[in-house]
Amino acid sequence: MIESLRKICRDLLQSNEVQVVIGYGQSGPGKPVHPVFVRRPEDIHQLVWNEHCYTNLVAYLKRKEVQSLGKAAIIVKGCDERALVVLEKESQLERKNLHVIGVACEGMGEPRLRKCQTCKVRLPRFANEVVGQMASAVDDSRPRWNELEEFLKQSPAERMAYWVEELGRCLKCYACRQVCPLCYCERCLVDKNRPTCINTSATPKGNFAWHITRAFHLAGRCVGCDECTRACPVGIDLRLLNQSLARAAEEQFNYRAGMDPQAEILLGSYSLQDKESFIG
Amino acid sequence: MSATPAFEPKIVAFVCNWCTYLGADLAGTNRLEYPANVRIIRLPCTGRIDFNLLIKAFEMKADAVLVSGCHPGDCHYTSGNYHARRRWMLFRELLAILGVDLDRIHFTWISAAEGKKWQQVITEITEKTREMGPYAYLSPARTATDEQWREEAVS
Amino acid sequence: MSRIGVFTCWCGENIARTVDVERVAEAVAQIPGVRCSVHNKYMCSDPGQTMIREKIASERLDVLVVASCSPHMHLKTFRKAAGQAGINPYLVEMSNIREHCSWVHHDKEKATEKAIQLIRLSVEKVRRNRALEPIKVPVTKRALVIGGGVAGIQAALDIADTGYEVVMVEREPSIGGKMAGLSETFPTLDCSQCILTPRMVEVGQHSRIRLYSYSEVESVDGYVGNFKVTIRQKARYVDIDKCTGCGECWNCCPLKKQLSEFDYGMGTRRAIYVPFPQAVPARPVIDKNACTKLKKGGCGLCEKKCLAKAINFKDQDKLVEELVGAIIVATGYQLYRVGQDQGKRKLSGYGEYGYGRYKDVIDSLQFERLVSASGPTGGVIKRPSDGVVPNTVVFISCVGSRDNAKGLSYCSKICCMYTAKHTMLYKHKVHEGQAHVFYMDIRAGGKNYDEFVRRAIEQDGARYHRGRVSKITEENGKLIVRGADTLAAVPLTIEADMVVLAAAMRPSDGAEELAQELGVGYDEFGFFSESHPKLRPVETNAAGVFICGACHAPKDIPEAVAQASAVAGKVQVMFGHDEMTREPEIASINEQTCAACFACVRTCPYHAIEKTEIRSPKGILVKRTARVNSGLCMGCGTCVSVCPSKSADLEGFSEQQIYSMIESLV
Amino acid sequence: MSEVISTTDLRQLVGDWLSQGKRVVGPRQVKPDLILYEPLVNGEQLLLDGFVRPSNSIKEFVFPRHESVYAYLFQGKELDLVDAEVPFREQVLLAARPCDAAALPILDPLFNWDYEDEFYNTRRRTTTVVSLACLAHDDACFCTSVGLGPAETRGSDAILLSTGDDEFVVQPVNEKGRALFSGHTRGSAAEPTFPPGPKKKFKPGHVQTFLREQFESSFWQEQTLRCLGCGACAYTCPTCHCFDIVDEGNATGGIRAKNWDSCQFSMFTLHASGHNPRNVQAQRQRQRLLHKFLVYPEKFGKILCTGCGNCTRNCPVSLGVLSVLEALGTGQSI
């Protein structure tokens, strides 16, 4: 499989169809897998594919350093690809200027990551080509909201206590923002003063305001790649916040971000039938 | 200051200029009495009421927050309230998982003709909040690393 | 740091009764930046305003807060007063300590405390107000009317008679619309053409109306006061300037059997034709799908006969541009095509009525032509299949209307009335005939409307059956109409000679595309949306675009005409000024930080935000950004909420102002 | 002959310190897969083995991520400035890794060269650092390359060395350390296990030469392309110390606070004019190494890096100081 992936990428570089391949590399067996940018056909051996290819490489498309390299081919998993769908809807990329190589994915990590256990998009759907095949059928039946439902069994006060503890650790390093393929603002709201909407201090106020904002700015957009959670150096389970909004989007509006390229963006459209039982 | 006064809740109301603000005006014109705890922040439309404003209100020690605008179909700008409605629906989900007390954040539609409703809503919210007591947003405060959390010297 | 003046009003006893105004003024004087805090019995009175002017001068104030009544009451007053004293009007804010305080609280202590806090909010806000200048938009004093039916004609004539130029675009070869094809009109039974044709002629001859018939709006650019409209003049193959309308051409055309659109297929015309004798312009058009010359290159008889040399077989579509300041949409309606596909909308209900299958099942507009003295039968009611005068006619109302399952949920409003009219017209022409009407409800609200329906029933003997028709079949030259009379609770079968279906009114084909081009909202059926159902019934969300007639909703002639005149009034107000002044409290985008996600573009109710590109002097794309068109923005601020980076902001309710207010709530 | 303390006694001692009102900070299993230096509530929380090092560093206990330096209060039209209270609570940083402890003397001159930072100095004075010699290291560790090692005592007041037998040899480094354990140890013949450190991975001298000579090299762009510009490396680094000054408050007053900042953020060098002298990530990465290995040593005589490897472990894309420096040494791609 890796050979066919490399061949496709080599051909793309050789034909100058693309100037850079954004993929995964590894400095040796057992070493961490990390993003690589292959620009010469002879360097194509740097590409690897295994169950440690965690990074959602779509995050690089927003970086001007990467944009300046020329037209890119990007290797995506099914989950990563959903971010491409959202970005295209939000005018952040033109599909014709990007070559998408999908890779069939059996899941990442040993044991599998949480998102992989309930994944329904193991085969990329809109890629220019898809490498590999699924060894096992997609199991559609697994419930996706178990953790969330379990968490919501706690009382509001217990939940608040949990988050005060969790978000209390936040260092404001913004790794969650930087790795997110959909956080592409040129100037993040947290970096805006006059007025200061979000306190920059790593205090409870500042941290709550930041994480509420981060999560809510992804409402109806987050594709559940969980990169924010993976990147957090102090182990904050941001996945829970993202999931609560994703579930609401799905249950209230029958909307899943990045699944249907035709669907109208959730926030920014409305329906006269939207529920309002909470409004007095 | 003399003896500790009884708890008076601080209620912040974000209202649209064309329906609820005028509804509150009408309550005044009709001399409909209600508790003096509410502070109105007038915005053109519910569409302008961003969730960050609500967070800031809680940070500024609001005990309850009210968001109110035109009924569906009545928006002065035709669709601001529809956008807002969808936003709030999702925002409440996020607040719920964070354990923010949803009894502290209220959403209503109050038209320019509903001075009576304004009176009722404010009275109810004030009474309810008074019963619940002061809102300690983001509490219990973390104690383990107390020193990191030396909060604002001002209270 | 601003020099803030705070002026607290007693409003006689209205405020002072429950708010200790003097204490308020003292407390407010302590707020940083407040240079002057005074009070007056009546701030809005002459002495009050004089006090404001004097203090502005003596204390060198640069921003003001007036604490008195609702800003809806007096903000304009105080802004004007400040303006006269040399302060930008937008540097004035109000604190509502009357409606929101003194009038609704009785506890003087609490009311006074609250008043102080309310003023503090305004002080914090006004500190961050910015001087604004009203936005001036130049106005092109020409109006475009799209659609030449009765509504468009009325609007065009009203505007043109005021002295402004009008451009009218009509899709068909002649103006006149649906009304031109009607026989008589309810509730007076006066002749439709007698009313309308003189108005059509007026349009055709008006020095200030430029008529583009057989033309369509191709595209619209610009914004209120400054639209650039591209009009497609469809190839007519007749030069209407040379043509004298003598009729030689259509009299000589050998292709006689073309179905007439104007008669809804009930009559015929030639391949070169005027749709009806009173057409405006009274100039023919060649049907390129029928004409032998255009199809195969033969014939050409009309060209030879034309002494004016007006026939031009090489004619092509032409695009012309017109600059206008206002656009009036009067594109009208069409009937629900019973049992057939409705174009984009997948509705094909009522196939069981056999419309299109049985020649004698016709719709109401076809019936109008059958009754019309100028119609294909010369006003004699002859059924289409064999030309026999029908003795029994069944009229079915609500065909497609008020039916969620097969048709459209709304009421088409006029069918009850015209069905009653049809029964009367029929009875007046076929004295022995019997009209039956199947109906759901009779809706006859309107001046003399109910009386009219009663007349149909009582004087002209129409039999009304409350119930639906389930099926129509044809047996031995009769139409067997099976239905029910739900009042009598019996099934009902009528052997009819002809059936007339009161099909629902739908927006004209292409209405949605036009709405999108204009940036106007439309409902799920394709009817154009008004800006406000009560207060702005003929305006739309796109500033400078107005609507009248049945493109907005089903309506009858008087209503359409009234609306058209209302539109004309709105346009006259707009054209009464050389420039339009718009409130400057509108949105703006920080183009440096805009990430071009265009959430604002998607949510703006007024389509006032556009996508733009910033390019270097050499033309290299620097970045893409959203940009507010100040001619269109109404200042709702929805864009600010949806902008994740808050690159959008709203003057008058800016992020800085609002946050300062919240932060002063402690 | 050495002085030893058993694990049990050490945990007991933690309890004693806590009951004396001291704050005790040590490695703690915060949640599965997450070990941090955190204030301990009891001695049992102290995590002593089975891991390489916590994900954060001890710097935040002498240089917190957020610290108010003074408050301002509006009193009518007047403005009152209120000095922030200088923290004086005694604390013990227990079982700190030598690479964490060694960062403190590196930071001391920074907080004292032109202005004596009272907050930092007071915390330093009231803090006793007890380090624990490393028994394990991983691919990210490189203390030996910057002149340190697994049993380094620089910055420690005392060091604990495992005997592999549930007890630790206590080696005081100074009087403060000796006082802390006085009376709590017993004599023993047990010999501490001296673990081997990681093998040397680069030579600081080579790095400095490269930094001097290759400022404009395409190397930076090549090697740091994958950096996404977060602050995970800087915020978990024992030596990174940049901070920002912000005002936070409301209409009645507020505080002026010191908050951590990172040179990896694009906002870090953004001018008010809109110009950004470090406009691309490669320049920011270069800056980070330049500061750590050239500028800081030139100014204060010490490399601003203790080889802890946190930057590599915490980087979402596995790009740390080490990977860049290794590439610099070998000329190979990373």
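Heavy-atom basis, side chains included; hydrogens, waters and symmetry copies ignored. Sequence lines set the chain letters: A, B, ... in the order given, protein chains first and strands last, and positions in each chain run from 1.
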**Q.** Atom pair CG/SG of D/Leu228 and A/Cys180 - distance to nearest 0.5 Å
**A.** 10.5 Å
(Q) How about CZ on A/Arg40, more than 12 heavy atoms from neighbouring residues, nucleotides or ligands closer than 6.0 Å, or not? (A) no
(Q) Under 4.5 Å from any heavy atom of chain A, what part of D/Ser55 do you find: side chain, backbone, both or neither? (A) side chain
**Q.** Engaged part of D/Asn56 at the chain A interface, taking heavy atoms whose separation is under 4.5 Å
**A.** neither
Q: Might you point out which heavy atoms bring A/Tyr60 and D/Val317 nearest each other, and give the distance in Å?
A: OH-CG1, 3.2 Å
Q: Heavy-atom distances under 4.5 Å only: say whether D/Val246 touches chain A with side chain, backbone, both or neither.
A: side chain
Q: Supply the atom-to-atom distance D/Asp139 CG to A/Lys31 NZ, rounded to the nearest 0.5 angstrom.
A: 4.0 Å
Q) Does atom NE2 of D/His206 have more than 12 heavy-atom neighbours, drawn from other residues, nucleotides or ligands, at distances under 6.0 Å? A) no
Q.
Heavy-atom count check: over 12 atoms from other residues, nucleotides or ligands less than 6.0 Å from D/Asp33 CG?
A. no
**Q.** Student check: side-chain heavy atoms of D/Arg226 and A/Arg63 closer than 4.5 Å
**A.** no
Q: Any chance you could lay out the side-chain hydrogen bond (donor to acceptor under 3.5 Å, both in side chains) test for D/Glu248 and A/Ser201, step after step, and finish with the verdict?
A: CA-CA 9 Å; D/Glu248 278 177 4; A/Ser201 299; 2.8 Å; yes
Q: Select one option (side chain, backbone, both, neither) describing which atoms of A/Phe37 are under 4.5 Å from chain D's heavy atoms.
A: side chain
Q. Given that the side chain runs from C-beta out, which part of D/Leu36 has a heavy atom under 4.5 Å from chain A: side chain, backbone, both or neither?
A. side chain
Q: Report yes if the side chains of A/Lys64 and D/Asn279 come closer than 4.5 Å at any heavy-atom pair, otherwise no.
A: yes
Q.
Distance check, rounded to the nearest 0.5 Å: A/Lys192 atom NZ versus D/Met267 atom CE?
A. 11.0 Å
Q | Under-4.0 Å salt bridge between D/Lys31 and A/Glu165 | A | no
Q. Heavy-atom distance under 4.5 Å to chain D: side chain of A/Asp237, backbone, both or neither?
A. both
Q: Could you have a look at A/Val179, A/Val234, A/Val66 and say which one has the most heavy-atom pairs with chain D under 4.5 angstrom?
A: A/Val234
Q: Taking all heavy atoms of D/Cys230 and all of A/Ala175, pick out the closest pair and write down the distance.
A: CB-CA, 3.4 Å
(Q) Does any backbone or side-chain atom of D/Asp261 lie under 4.5 Å from a heavy atom of chain A? Answer side chain, backbone, both or neither. (A) neither
Q) With chain D, which of A/Thr55, A/Asp191, A/Ile22, A/Leu69 has the greatest number of heavy-atom pairs at distances under 4.5 Å? A) A/Asp191
Q | Interchain contact, D/Gln264 with chain A, by part (heavy-atom threshold 4.5 Å) | A | neither
Q.
Looking at D/Pro316, is its backbone amide N or carbonyl O close enough to the side chain of A/Arg230 to form a donor-acceptor pair, meaning the two atoms are under 3.5 Å apart?
A. yes
Q. Quick one: are A/Arg169 and D/Val30 in side-chain contact, heavy atoms under 4.5 Å?
A. yes
Q. Out of curiosity, A/Lys172 NZ to D/Phe265 CZ, how far, rounded to the nearest 0.5 Å?
A. 10.5 Å
Q: Look up atom CG in A/Leu171 and atom CG in D/Asn259, then write down how far apart they are to the nearest 0.5 Å.
A: 12.0 Å
Q) Within the side chain of D/Arg65, is there an N or O that forms a donor-acceptor pair under 3.5 Å with the backbone of A/Cys170? A) yes
Q. Any side-chain heavy atom of D/Leu225 sitting closer than 4.5 Å to one from A/Glu65?
A. yes
